[in-house]
Amino acid sequence: MIIREAKINNSIKRLDIMQNKLSTDINPDILKIIQAHFSNLEELELQEEIAIHGQLLQLKHGETLMDYGGFIKLVPLVVKGVIKIIREDENGNEIFLYFIQGGESCTMSFSCCIQNKRSEIRAEVEDDAIIIGIPVQHVDAWMSKYQSWKNFIMSSYDARINELIYAIDSIAFSKMDERLINYLEDKSHALDTKTIHTTHQNIAHDLNASREAVSRLLKKLEKEGTVKLGRNKIELL
DNA sequence: ACATTAAGTGATT
DNA sequence: AATCACTTAATGT
């Protein structure tokens with residue numbers, strides 16, 4: 001598989017500054033990927049359009065895909081890997097919102113690009129990822145042209161809104177324990193492993209909580225037998 | 001062996 | 001649940 005490497009400035013790749021590809025050829029790699037990972041996108045014509053206009057991008061852990069205030073020129077379809085979506089306040093307090101993984105797309109980017117608004121969130125690569133970037137003008141145009149594209153976007157909204165509602169009430173009712181469990185399960189599922197390699201400090205940062213609180217809750221979970229703890233390591237049982 | 005970083009604990013607010 | 005102060009444990013040099 002041929003993967004086009006985009007230029008990297010200080011290891012940051014931003015969708016709002018990437019250039020569109022000037023080509024009318026169908027990229028056979030993209031076509032295969034779409035058929036294998038995005039089977040919901042049924043119309044062959046749509047698949048071919050994605051293969052013509054999409055750009056295959058490889059992203060490494062820690063890169064920033066999208067940042068606050070940025071305009072978006074490409075909407076990412078995540079083929080492989082995991083993208084972490086984060087919200088941040090004026091003081092730099094970050095709060096983890098959700099992960100995007102293979103077969104999914106970034107819902108926030110739809111609303112941003114369709115209404116040409118600036119990003120309200122930050123997207124970071126959590127696990128090395130491969131994405132197909134769709135230039136925004138097509139995202140909009142395909143909505144009325146292809147039923148399955150519209151459905152894809154709508155169900156993406158639906159899934160995300162449900163997640164956000166859950167996130168809101170666990171934050172509003174300060175259910176730290178639930179948030180932690182949810183975070184661990186989410187991460188385990190996204191990275192497809194039972195063993196999570198991270199520190200209590202990092203988790204605390206994502207959940208906007210104190211390290212001690214996370215440590216204590218994890219300790220409690222260990223006593224209950226739901227996890228096994230190690231240095232830089234949490235095993236889900 | 002020593003320094004650094006991660007994690008555990010109790011007390012206080 | 002946050003913060004502080006401190007201890008203990010693991011890991012790197």
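Each chain gets a letter, A, B and so on, in the order its sequence line appears, and its residues count up from 1. Side chains included, hydrogens not; waters and symmetry mates left out as well; all remaining heavy atoms used.
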Student check: side-chain heavy atoms of A:Thr226 and A:Leu184 closer than 4.5 Å | no
If you check every side-chain atom of A:Ala209, which of C:dA1, C:dA2, B:dT9 has the closest atom?
-> C:dA2
Here the distance between atom P of C:dT3 and atom CE of A:Met176, to the nearest Å, is 13 Å
Any side-chain heavy atom of A:Phe110 within less than 4.5 Å of one from A:Met143?
-> no
side-chain hydrogen bond (donor to acceptor under 3.5 Å, both in side chains): which pairs involve residues 158-167 of chain A, sequence neighbours left out?
-> A:Glu104-A:Arg160, A:Arg160-A:Glu163, A:Tyr166-A:Glu178
Set of side-chain contact (heavy atoms from CB on, under 4.5 Å) partners for A:Asp128, sequence neighbours left out = A:Lys60, A:His61
Give me, pair by pair, the N or O atoms of the protein and of nucleotides 8-13 of chain C that are less than 3.5 Å apart, along with how far apart they are.
none

Rounded interatomic separation in angstrom, taking CG from A:Leu207 and C1' from C:dA2 | 15 Å
Please give, in whole Å, the distance from C:dA1 C1' to A:Leu217 CG?
-> 10 Å
Between B:dG8 and A:His200, is there an OP1 or OP2 to side-chain N/O distance shorter than 4.0 Å?
-> yes
Atom pairs under 3.5 Å: protein N/O with N/O of nucleotides 10-13 of chain B:
unit_1 : atom_1 : unit_2   : atom_2 : d
B:dG10 : N7     : A:Arg216 : NH2    : 2.4
B:dG10 : O6     : A:Arg216 : NH2    : 2.7

Starting at NZ of A:Lys233 and ending at P of B:dG8, how long is that distance when rounded to a whole Å?
-> 13 Å
A:Glu178 CD to C:dA1 P, straight-line distance once rounded to whole Å | 11 Å
Whole-Å gap separating P (B:dG8) and CD (A:Glu222) = 7 Å
Might you work through the side-chain contact (heavy atoms from CB on, under 4.5 Å) test for A:Gln101 and A:His189, ending with a clear yes or no?
-> CA-CA 9 Å; A:Gln101 46 200 298; A:His189 181 242; 3.8 Å; yes
Residue pairs passing the salt bridge (Lys or Arg N to Asp or Glu O under 4.0 Å) test with at least one member in residues 183-202 of chain A, sequence neighbours excluded, are A:Glu126-A:Lys187
Value in whole Å for how far the P atom of B:dA6 lies from CD1 of A:Ile196 | 17 Å
Pairs where residues 221-237 of chain A contributes a residue and the test salt bridge (Lys or Arg N to Asp or Glu O under 4.0 Å) is met, not counting sequence neighbours | A:Lys219-A:Glu222
Mind checking whether A:Ser148 and A:Asn40 have side chains closer than 4.5 Å, heavy atoms only?
-> no
Looking across every strand, which nucleic acid part, if any, lies under 4.0 Å from A:Ser210 by heavy atom: base, sugar-phosphate, or nothing?
-> base
What is the distance, rounded to the nearest whole Å, between atom NE2 of A:His197 and atom P of B:dA7?
-> 13 Å
Under the criterion side-chain contact (heavy atoms from CB on, under 4.5 Å), which of A:Ile30, A:Leu74, A:Ile131 is the partner of A:Gln55?
-> A:Leu74
